[in-house]
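Order of listing sets the numbers, starting from 1, for every ligand and every atom in it. No hydrogens, no waters, no symmetry mates; every other heavy atom, side chains included, goes into these values. For reference, positions follow the sequence shown, starting with 1.
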Amino acid sequence: GHGSTPASRDVFVVDSPNVTYTDEEILSRYTYRTTIVSKDAASGKYVAKPKETAYEFKTDRKVPRVGMMLVGWGGNNGTTVTAGIIANQRRLVWDTREGPRAANYYGSVIMGSTMKLGTDAATMKDINIPFHDVLPMVHPNDLVIGGWDISGMNLADAMDRAAVLEPTLKAQVKKEMAQMIPLPSIYYPDFIAANQEDRADNVIPGNKASMAHVEKIRQDIRGFKAANNLDKVIVQWTANTERYADVIAGVNDTADNLLKAIEAGHEEVSPSTVFAVACILEGAPFINGSPQNTFVPGCIELAEREGAFVGGDDFKSGQTKMKSALVDFLINAGIRLTSIASYNHLGNNDGRNLSSHRQFRSKEISKSTVVDDMVDANSVLYAPGEHPDHTVVIKYMPAVGDNKRALDEYYAEIFLGGHQTISIFNVCEDSLLASPLIIDLVLVTEMMTRIKWRSTAKGEDYKGFHSVLSILSYMLKAPLTPPSTPVVNALTKQRAALTNIFRACLGLEPESDMTLEHKLF
Ligand code: NAD
């Protein structure tokens, strides 16, 4: 196993009067420095005033035993992430036409990337450490995996159906995965494409929302927790993309109305919202990896009321990740992006489901707002309300399977009326990109359940972060944020929020790239 005592996991300690380690906790006093801007009425000028806020963070050092339950466990993502974790647990090596390949966690920010801790005292060179070692985080090899699917196929057969992994790898995990059988799930046919109906052979009776469904899912979580002796369960929706639910006053606009609507079996309550409600009531964090509006206003209000954690929406694996990096670069380089045309074709079951209009519409919405914050922030290039043209096309092409193709054309205006056209052709197995994100979402969410904060000035009790975990934005296409707070899509800012919040828990300053130590001497 991985580190039985907290201390054995730490690869560094912080030596600061603001940081205290106890056996159970890391306590940090942290000064959050921001700039508050107001407009001077007389001169019409902005006045920028530095502001300091003193916070205290308390991080629980005990790494718990965690279960990851996936809704849609038998799908491409579900089977791929499960096989991937087993392969890592057992350090498997398999033969491919390019030679042997070994299990890894490439594509996971937490497991595959590093963070600059600081500057070496002697050599003045950067010291970088694995992201996973910054705080006492769960190791993915220690996750216990389970979940639900409307298809009752065991995970070994479902892995074959997914057609993602090499046969030589599959052969080594087959026996273990054949024992894994998804729990029956709830299926309301109107929410996913009609072409999914043949899969639905593992369903809990009832084709609309009910309290009995909420109860059943809560029992499943409790049962899984008890059977595997877990401290915590985190649930993630990686099932089919649903159509949008209409947000209707009196139905799903408030927490109480939503609970009443479930009780009454209202047809606008989706399976994913029923799962979210069950998890919220059970205190299990729930993350939505698909684009639909699972988190209707009533659902968010319920999470806040129950102090439960939620995150979403829609894994940001390929095209959008590139977009949120490239557009950030272009606009911050002062280049006036005028259009983005995005074409996708894919041949997996996700593509099949998205070939139906209402499900495609959910994806289209999710993919279309991803550059807004970057455009709105640049009043030099864009007049108020002005935006680049942006179109998203997705086509189902069975032959390419999970090997999704994403073609993007970025068209921009450069110096003196010139043009720049950037054309990107991104090809990769969609599920191999999404699986590490599923892991990161679980690891970060779990970590956030162990971080408490308080304002030093107010001297209040420690409490958790807001129910809506916007810190997960890096992994998500249409980041959910606390009500009436801004959405950040720029990839560099999203990563900075993640790293710097973790650093604050250790009393470390945000990562600064000023490197004055190399400029002023
Ligand atoms: P998939 O179709 O292979 O898997 C979905 C699984 O969900 C299927 O096994 C299906 O039987 C099951 N399912 C459907 N409704 C269910 C319900 N109510 N309860 C339980 N199970 C249910 O799809 P996938 O490729 O694994 O993708 C999963 C989701 O993740 C899709 O919505 C997709 O849009 C989203 N997503 C994927 C990526 C990626 O890169 N792979 C990126 C962003 C979002």
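For D440 (side chain) and V444 (main-chain N/O), no donor-acceptor pair under 3.5 Å exists by modelled atom type. Of the possible polar contacts, one joining the Q172 side chain to the V93 backbone as a donor-acceptor pair under 3.5 Å is found.
Closest protein heavy atom to atom 44 (C) of ligand 1: D314 OD1, 2.9 Å.
Counting heavy atoms under 4.0 Å from ligand 1, residue K316 does not touch it at all. In N353, neither the side chain nor the backbone holds a heavy atom less than 4.0 Å from any atom of ligand 1. With a 4.0 Å heavy-atom cut-off, ligand 1 is reached by no atom of F191. Of all the heavy atoms of Q196, none lies under 4.0 Å from any atom of ligand 1, so neither backbone nor side chain is involved.
Atoms of ligand 1 found under 4.0 Å from any heavy atom of G289 (numbered from 1 in listed order, with element): 30 (O), 35 (C), 36 (N), 44 (C). Ligand-side atoms of ligand 1 in range of T241: 31 (C), 32 (O), 33 (C), 34 (O), range being under 4.0 angstrom from any heavy atom.
Ligand 1 has K477 within reach: a non-hydrogen atom of the residue lies less than 4.0 Å from it. Residue contact check for ligand 1: K363 places a non-hydrogen atom closer than 4.0 Å to it.
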I287 and I438: CA distance, side-chain angles, deciding distance, side-chain contact (heavy atoms from CB on, under 4.5 Å) verdict: CA-CA 9 Å; I287 300 148; I438 291 176; over 6 Å; no
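Remark: the R161 side chain and the T79 side chain contain no N/O donor-acceptor pair separated by less than 3.5 Å. Using a 3.5 Å distance cut-off with no hydrogens or angles, the side chains of K323 and S342 do pair a donor with an acceptor.
Residue E511 places its CD atom among more than 12 non-hydrogen atoms of other residues, nucleotides or ligands, all under 6.0 Å distant. Atom NZ of K208 has 12 or fewer neighbouring heavy atoms from other residues, nucleotides or ligands inside a 6.0 Å radius.
In this structure, E166 does not pair ionically with R101, as no charged nitrogen and carboxylate oxygen lie closer than 4.0 Å.
Geometrically, ligand 1 and W237 share no nitrogen or oxygen pair separated by less than 3.5 Å. For I186, a nitrogen or oxygen atom sits less than 3.5 Å from a nitrogen or oxygen atom of ligand 1, counting backbone and side chain alike. Between N77 and ligand 1, a contact under 3.5 Å exists for at least one N or O pair.
For atom 22 (C) of ligand 1, the nearest non-hydrogen atom from the set G147, A239, P182, P291 comes from A239.
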